Protein chains: 2
Amino acid sequence: MPTKKKPQVTAAPARRRELLDTAAEVFAEQGYNATTVRKIADHAGMLAGSLYYHFDSKESMLEEILRTFLDELWDGYDTVLEAELGPRETLEALVTESFREIDRHRAAVAIYQKESKQLVAQDRFVFLAESQRKFEKAWLSTLERGVAAEVFRSDLDVRLTYRFVRDTVWVAASWYRPGGHHSAEEIARQYLSMVLDGIAVRT
Amino acid sequence: MPTKKKPQVTAAPARRRELLDTAAEVFAEQGYNATTVRKIADHAGMLAGSLYYHFDSKESMLEEILRTFLDELWDGYDTVLEAELGPRETLEALVTESFREIDRHRAAVAIYQKESKQLVAQDRFVFLAESQRKFEKAWLSTLERGVAAEVFRSDLDVRLTYRFVRDTVWVAASWYRPGGHHSAEEIARQYLSMVLDGIAVRT
DNA sequence: GTCCTTCCCTAACAAGTGTTTGGTAGGTTA
DNA sequence: TAACCTACCAAACACTTGTTAGGGAAGGAC
């Protein structure tokens, strides 16, 4: 009774990565639901059925794309958090790191932004919810530390501030294009300047 | 040769409005493509085919939802712009007006945010592109006036600032729920405070 | 009563969906 | 040469999709 053999997930999946990249591109551009496996196959220069040699399902492609992105994101975030910088420096580092991730995983970030809300309800995507909780905890505690240390304003609702900073950073993925006018670091610098000091002239 | 009669679009469409509201709700929650006409019909307590007594197609529902929203949005925006306030007061009024629209058209705004990018390519949704141009012009000129009048900082990229303010405001629709902790005006006030003066303590 | 309009249902349609099955060309190994 | 593995194709599958055609119940107009 020979079980069907699939290519090793753990082994070096050169072609697999290629296909995931093109899939991510199409998902980001057209939306997950509007993307048919035939469109993905078209972009990859093959037929729809051939994708199933590499992947179990369309959904498993999406899962792998998001997992890969979040794994790398948390690599960066954890490094920042373990450095135990001051609140303001932590915020600056987190924002900068976020823009670097947008630079590296533009498509995955766009997909995450658009689809995560509907995906978290599904069992196979619970890891999205876990990531969100961890994310919120990291940011909220940084903001609260800053308020306690009197480097961030205390007259603002912290949760509102959190959503403000979070959204401000990540929506950039919807218009950011690598190789554009500004580098990720330059955008991070200006964003930080706006978030920290505002856009009004100081009087 | 009797042409098929559809209910008058111009006449008072009480039921029509109801159906559009529920459709908008489902579109916003599940995404346009993931929403089937059967789901909409379910939420409205009827069968899928019955929707076609009121509407030509699923797409025409979406169009009417977005058109209605944008019409009301520009009613508010035009009123603000015609008042010819100073740049800072204009920005404050535009932001406040935006949050009021989010309060009134939460579902439509969420749909707009998620789908407009893919819709503008279609002929029947060109009005989205026109609105976007008008929108960008209104905001950019306000920001530029502010820089010239030295009420907004001149060391920031104006286009970046534009996207910053724009996104900052509209993504709120993704988490805002009417009847929550803060009113639309209260959120607008705090957002404006952050955008204008930043979240850092002034030293 | 009859007629007409409004609003919905029943039942089906064709097109498109994700997925499966069996096959096969080409390279590698024995 | 023979056996085998990789990566794909060809063709179909069951199901869901948006949409349509015909019918009928309720109620007001005449």
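Just so we're clear, the structure is a prediction, and the values are computed from it rather than from any experiment. Residue numbering restarts at 1 for every chain, and letters A, B, ... go by the order of the sequence lines.
The CZ atom of A:Arg15 sits 9 Å away from the P atom of D:dA7 (whole-angstrom rounding). The CD1-P distance, from A:Ile40 to C:dG18, rounds to 8 Å in whole Å. Going from atom CZ of A:Phe55 over to atom P of D:dC8 covers 11 Å, rounded to whole Å. Atom CG of B:Leu51 and atom C1' of D:dA21 are 16 Å apart (whole Å). Rounded to an integer number of Å, the gap from A:Met46 CE to C:dA25 P is 18 Å. Put simply, CG on B:Leu19 is 10 Å from P on C:dC7, counting in whole angstrom units. What separates CD of A:Glu59 from P of C:dT17 is a distance of 17 Å, to the nearest Å. Going from atom CD of A:Glu18 over to atom P of D:dA7 covers 11 Å, rounded to whole Å.
One side chain, A:Ser193 or B:Arg153, offers a donor N or O that lies under 3.5 Å from an acceptor on the other. For the 3.5 Å distance criterion, the side chains of A:Thr90 and A:Thr142 fail to qualify, holding no donor opposite an acceptor. Using modelled atom types, one finds a donor on one side chain and an acceptor on the other under 3.5 Å when comparing A:Gln190 with A:Glu186.
Aromatic ring orientation, A:Trp74 versus A:Tyr77: perpendicular (interplanar angle above 60°, classes split at 30° and 60°).
Formation of a donor-acceptor pair under 3.5 Å by the A:Lys39 side chain with backbone atoms of A:Ala34 is found in this model.
Contact check, A:Tyr53 against D:dC8: no side-chain N or O comes under 4.0 Å of OP1 or OP2. The shortest distance between the side-chain N/O atoms of A:His54 and the OP1/OP2 oxygens of D:dT6 is not below 4.0 Å. In this model, the phosphate group of D:dA7 is not approached by any side-chain N or O of A:Arg16 to a distance below 4.0 Å at OP1 or OP2.
Within 4.0 Å of A:Thr35, counting heavy atoms only, lie sugar-phosphate atoms of the nucleic acid but no base atom. B:Ser50 comes within 4.0 angstrom of a base, heavy atoms only.
Checked against D:dT17, D:dT19, C:dT19, the side chain of B:Ala48 finds its nearest nucleotide in D:dT19. Side-chain proximity of B:Val37 to D:dG18, D:dA7, C:dT19: nearest is D:dG18. The side chain of B:Tyr52 has D:dG18 as its nearest neighbour among D:dC8, C:dT17, D:dG18. Closest approach to the B:Leu47 side chain among C:dA12, C:dC9, D:dC8 is made by C:dC9 (side chain taken as heavy atoms from C-beta onward).
When each of A:Gly49 and A:Lys39 is assigned the nucleotide of DNA chain C bearing its nearest heavy atom, the one mapping closer to the 5' terminus is A:Lys39.
Looking at A:Arg38, its side chain has no donor and acceptor atom pair within 3.5 Å of the base of C:dG16.
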